[in-house]
Each structure stands twice: as C-alpha cells, then as structure tokens.
Protein chains: 4
Amino acid sequence: MLLRIEFESDIPIYMQIKNQIIEGIALGMLKEGDELPSIRQLASDFGINLHTVKKAYDILKDEGFLSVHRRKGYVVTKNASADDNFIEELKKDLQPILANAFSRGMTEDEILKICREILEQFKNGM
Amino acid sequence: MLLRIEFESDIPIYMQIKNQIIEGIALGMLKEGDELPSIRQLASDFGINLHTVKKAYDILKDEGFLSVHRRKGYVVTKNASADDNFIEELKKDLQPILANAFSRGMTEDEILKICREILEQFKNGM
Amino acid sequence: MLLRIEFESDIPIYMQIKNQIIEGIALGMLKEGDELPSIRQLASDFGINLHTVKKAYDILKDEGFLSVHRRKGYVVTKNASADDNFIEELKKDLQPILANAFSRGMTEDEILKICREILEQFKNGM
Amino acid sequence: MLLRIEFESDIPIYMQIKNQIIEGIALGMLKEGDELPSIRQLASDFGINLHTVKKAYDILKDEGFLSVHRRKGYVVTKNASADDNFIEELKKDLQPILANAFSRGMTEDEILKICREILEQFKNGM
DNA sequence: GTGGTCTAGACCACA
DNA sequence: GTGGTCTAGACCACT
C-alpha cells in the first residue's frame, strides 16, 4: 500500500491520506485487520506533520474504517456502512460532479462508463 | 431558477452558487443566452457580499459556462467542453467518492443506480 | 470595410472600433480621404450608444488617424507617426505578450513567424 | 526578482504584477520550483492590498505558471503551454498592436527588429 | 444601470 | 506561519 501525497493539490493533505486509505480498502490492498504505518512513521516518511496524519486516521476511525489497538496502533476495520445518511451525502457529492460532466455535453452512457471503470477496479481487487 | 444557500454548510458559498448554476444548466433551467441576475442583485437577494457572487460567476466564466455581455451582464454560454483534461479531473473527483461507497459495502449496481437517477433528472430537463 | 463588434469580449466596444479601424488602415481597406460612416449611422447599425462610437472616433482623431471635415464627417488621414514615444509604448505593449508566449515554450522563430504572418497581411493590402 | 508597480498606470495593479512575473520567468530570473513572496508579504512590501496580489497569483495559477504548495505557498511551475487556444489569443493580441505600428509607417523590418530585441533578452536569460 | 478594481479589515483551515 | 473565504465599503470605466 503506497501513499502518494501531492503538496500542490488543493485537497488538504489529511484528506488525501484519508481518501487513499479508503481507496486502498476498496481496491482490496488493505484488508480487515491490516495494521497501518504508525503516525510517526507515516509523518516522517512524507515529511509532514504528526497532526496531519493523526487527523486523517481519526476521521477514518470516526467513520468506522479504522480502529485503534493498544499494541498494533491503527488497524483496518470495516465497520463503516452505507446508511441512509451516507446515501444522502453520496448523492449530494455526486450531484454537482455529474451535473458538470453532463453540462459539458457528456452523455449518460459516457459518464456511467467512467463510473463503471472505476468501480471495476474495486471489484477486481476483492 | 432558484438558488438556495446553506450558510451552515462547510461548502463555501461561492462554490454552492457555482454548483447550483451548473446544475441549473444540466437541468435545462438555464439555457444558452439566459441572463443571470446581476452580481449586486444576487448578492443583496441573499444578503451576501458581491465579491462572493462575483467569484462564483468568474469561475463559471473561466470554465466556459458564462460570459460577460457588456450590456446584459453575465449570460449563459455553453463553451465548456469535456476535453481530456476534464475527463481526468472527473475521474479524480469520482474515485474517492465511489471508493467510499464501495468500501461501505455498496454494490456496483447500487452505486450506478444512484448515478443513473441523478443523470435521469438532467436528461428529462432537456 | 466591415466592423465586427463582440459584446462579450473583455475589450471595450470603443476600443474594438478603434482597433478595427486602425487594422482597416493597415490592411489598405481604408485609404487616406475615405469617409467613415457617421457616428449615428454606425451606432444604430450595431445598436450601441452614440458616445461609444464618438469616443472611438475621437481617440483616432487625437492619434492622427482621422480628422473631422465640416461636411464629410470623419475622414481617414494618416498623420499618425511612429515617434519615439510611440516606439516606447510599442515595446511596453509587446513585452508582456511576447514574454507570455516565450514562457510557454514557444521559440523565437515560432513567435516571429506569427508576427510576420500578421504583418504580411498588411503589406499585401497596400 | 524585483517588482515595480506604477500606481499612476492605467494598467491594473494585479495585471502589472502578473505581467512582471511572467517576464521574470521569460527572463530566467524565476525558475521552476522558486517560491514567490507570500501574498501578505508582497502586499505589505508595496503597500497594496492582499486581494490585489492574490488576484495576480491566482490568474497565474490558473494559467499554469504558478501552483500553490501547501507549505511553501505559491511556487513557479511551468505547466503553461502554447496550445491552439493560446496561439489564437496571441494573434488577437498582436494584431491591433502591429496594425497600429504599421499604420504609422513602420516597416515590417523595423517592427520585427523590436520583437527580436525583446525576445533576445529572454533567450539570454535562459 | 452594469461589471472591474481596490481597500481595510476579519475569521478560518491547514501544516 | 501560509493561503482561503467573506464582509463592507469605495471609486472607476463602460454603455
């Protein structure tokens, strides 16, 4: 599981970490029980602040993707579920993105094809 | 075309305006040539600052959704196209969102169904 | 001599008129002594304000490209010369434009080729 | 890298900053990776408002000359390319300027000489 | 009336 | 410390 941080992205670093860990889980590269690098480890690897890593980990813990073991540190747990709340958020997140694509002339099929391609990656990783 | 601003949202106001105008275009509520409310008009309608509105309008202008007519003010112009750059951005935007949904146990079909529902709205508006 | 006004350009209309008349002279489409359409005529043709046209004409008069005849209205006169002042202005105008092209990786030859193409038009028109 | 702002100029301050930074890149005084003074720093140095500086920086970011590093602030990144769009803009920008010079009696050679002189500066800076 | 620019301040998120 | 957002106001250019 390799993280790639883009310091010149407009996405905050903690969010990049969070996103990539979730993607790692989706891709099957991170499985239930896997231990994550320690906060210190990851922070020093990338030359970033401890707080930044901790923030990412804590959010993932709150969402149910990670839990803290006294010894192992942060480990993957798949407690996150797609409840109604999440579905609602999902729609809100997708709406402007899909609207943008559609307004630029992409057809429903073209857009769905891209979604499918992304999801295919995840299915193959399982 | 009605805008709704959520002041408690963590999405910046200018971004909410931007997104809703793009959605308006996607939904067919805003058509090429339509004049938007003037910066000051919209700002005063919502009790927000004119710079906030201008920022939203200017981004849309840069992206090709709006242009500034010297008499009419900002008008809808669909110059935005889905070039390779945009497709790349689109994938980057969708990736973490879809990964999140998938990691929470949603199936490909469930996720695509939601995408399809959103896109259906847009197709009906045309 | 055909004028084309772009209401959605960020160049003021009076400036567009001014520029196109100068280009008309450069291209040989407007020759010394030619009468321009009256202010009223041109304004009504394009549905623009009298002041806008007058402003363009007056600037051209100040710069020596036009003069006013009691009967004929504005006529082309080539009194404008390239004095040191103008050369200085010319350099100041060109500097940022050429810097931009160069910074984007265009070579000297590529840039000069474009300049030459534009100037060629003018020479052919004489 | 020294900036000079002319407060009496009719060129907007943000545009002067933008142009001079591009010229700095063209002249080789600003190289890829160089950090620019912070928005607030530059603003206070010149006694201007931070929004004015930010506007200049943001335009340069949009055009690909700068990017925002989450620690270093704005840094030079030469992502700006001379695509067809830019070439088109370039011609539109040059056309009226060269027409003006030509209409004032300057010859093709005289005009090209000035262009060449400007470009020579840039080549030497590399 | 429209948008364009600029100022002087504020508060926040991020690292 | 950095940039990001937002406010409240001003003056100007253009039409």
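Just the heavy atoms: all of them, side chains too, but no hydrogens, waters or symmetry mates, feed the values below. Every chain is numbered from 1 and lettered A, B, ... according to where its sequence line falls, protein lines coming before strand lines.
Of the possible donor and acceptor atoms, none in the side chain of B:Thr52 sits under 3.5 Å from a partner among the backbone N and O of B:Ile48.
Between D:Arg70 and A:Glu6, no side-chain nitrogen of the basic residue sits less than 4.0 Å from a carboxylate oxygen of the acidic one, so the salt-bridge criterion is not met.
The base of F:dG4 is paired with the side chain of D:Arg40 by a donor and an acceptor separated by under 3.5 Å.
At least one side-chain nitrogen or oxygen of B:Tyr74 sits closer than 4.0 Å to the OP1 or OP2 atom of E:dG4. Between D:Arg71 and the phosphate of E:dA15, there is no side-chain N or O to OP1/OP2 separation shorter than 4.0 Å.
Atom C1' of nucleotide E:dT2 and atom CG of C:Asp10 are separated by 16 Å, given to the nearest angstrom. What separates CD1 of D:Ile48 from P of E:dA8 is a distance of 11 Å, to the nearest Å. Residue D:Phe46 contributes atom CZ, which lies 13 Å from atom P of E:dT7 at whole-angstrom precision. Distance B:Glu35 CD to E:dG3 P: 10 Å, rounded to the nearest Å. To the nearest angstrom, P of E:dT7 lies 12 Å from CG of D:Leu42. Rounded to a whole Å, the CD atom of A:Glu6 is 17 Å from the C1' atom of E:dA15. Per the geometry, CD1 belonging to D:Ile5 stands 15 Å off P belonging to E:dT5, to the nearest Å. F:dG3 atom C1' lies 16 Å from atom CZ of A:Phe7, rounded to whole Å.
Nearest-nucleotide assignment on DNA chain F puts the 5′-proximal partner with D:Lys72, out of B:Met15 and D:Lys72. Nearest-nucleotide positions on DNA chain E place B:Leu50 closer to the 5' end than the other of A:Thr52 and B:Leu50. Residues D:Ile11 and B:Val68 each lie close to DNA chain E; by heavy-atom proximity, the contact nearer the 5' end of the strand is made by B:Val68.
Counting non-hydrogen atoms under 4.0 angstrom, A:Ile13 reaches the backbone sugars and phosphates but no base. Residue-level contact check: B:Tyr14 touches the backbone only, with heavy atoms under 4.0 Å from sugar-phosphate atoms and none from bases. Counting non-hydrogen atoms under 4.0 angstrom, D:Lys55 reaches the backbone sugars and phosphates but no base.
Contacts classified as ring pair (Phe, Tyr, Trp, His ring centres under 6.0 Å) and involving residues 5-46 of chain B (residues at least two apart or in different chains) are not found.
When the nucleotides E:dG4, F:dG4, F:dT15 are ranked by their closest atom to the side chain of B:Lys54, E:dG4 comes out on top. Closest approach to the B:His51 side chain among F:dA8, E:dG3, E:dA8 is made by F:dA8 (side chain taken as heavy atoms from C-beta onward).
Counting only heavy atoms from C-beta outward, the side chains of A:Ile25 and A:Phe65 approach each other to under 4.5 Å.
Both distances falling under 3.5 Å, in either a Watson-Crick or a G-U wobble arrangement, place F:dC14 opposite E:dG1.
A pairwise comparison of heavy atoms in C:Leu60 and C:Ile22 identifies CD2-CG1, 3.6 Å as the closest pair.
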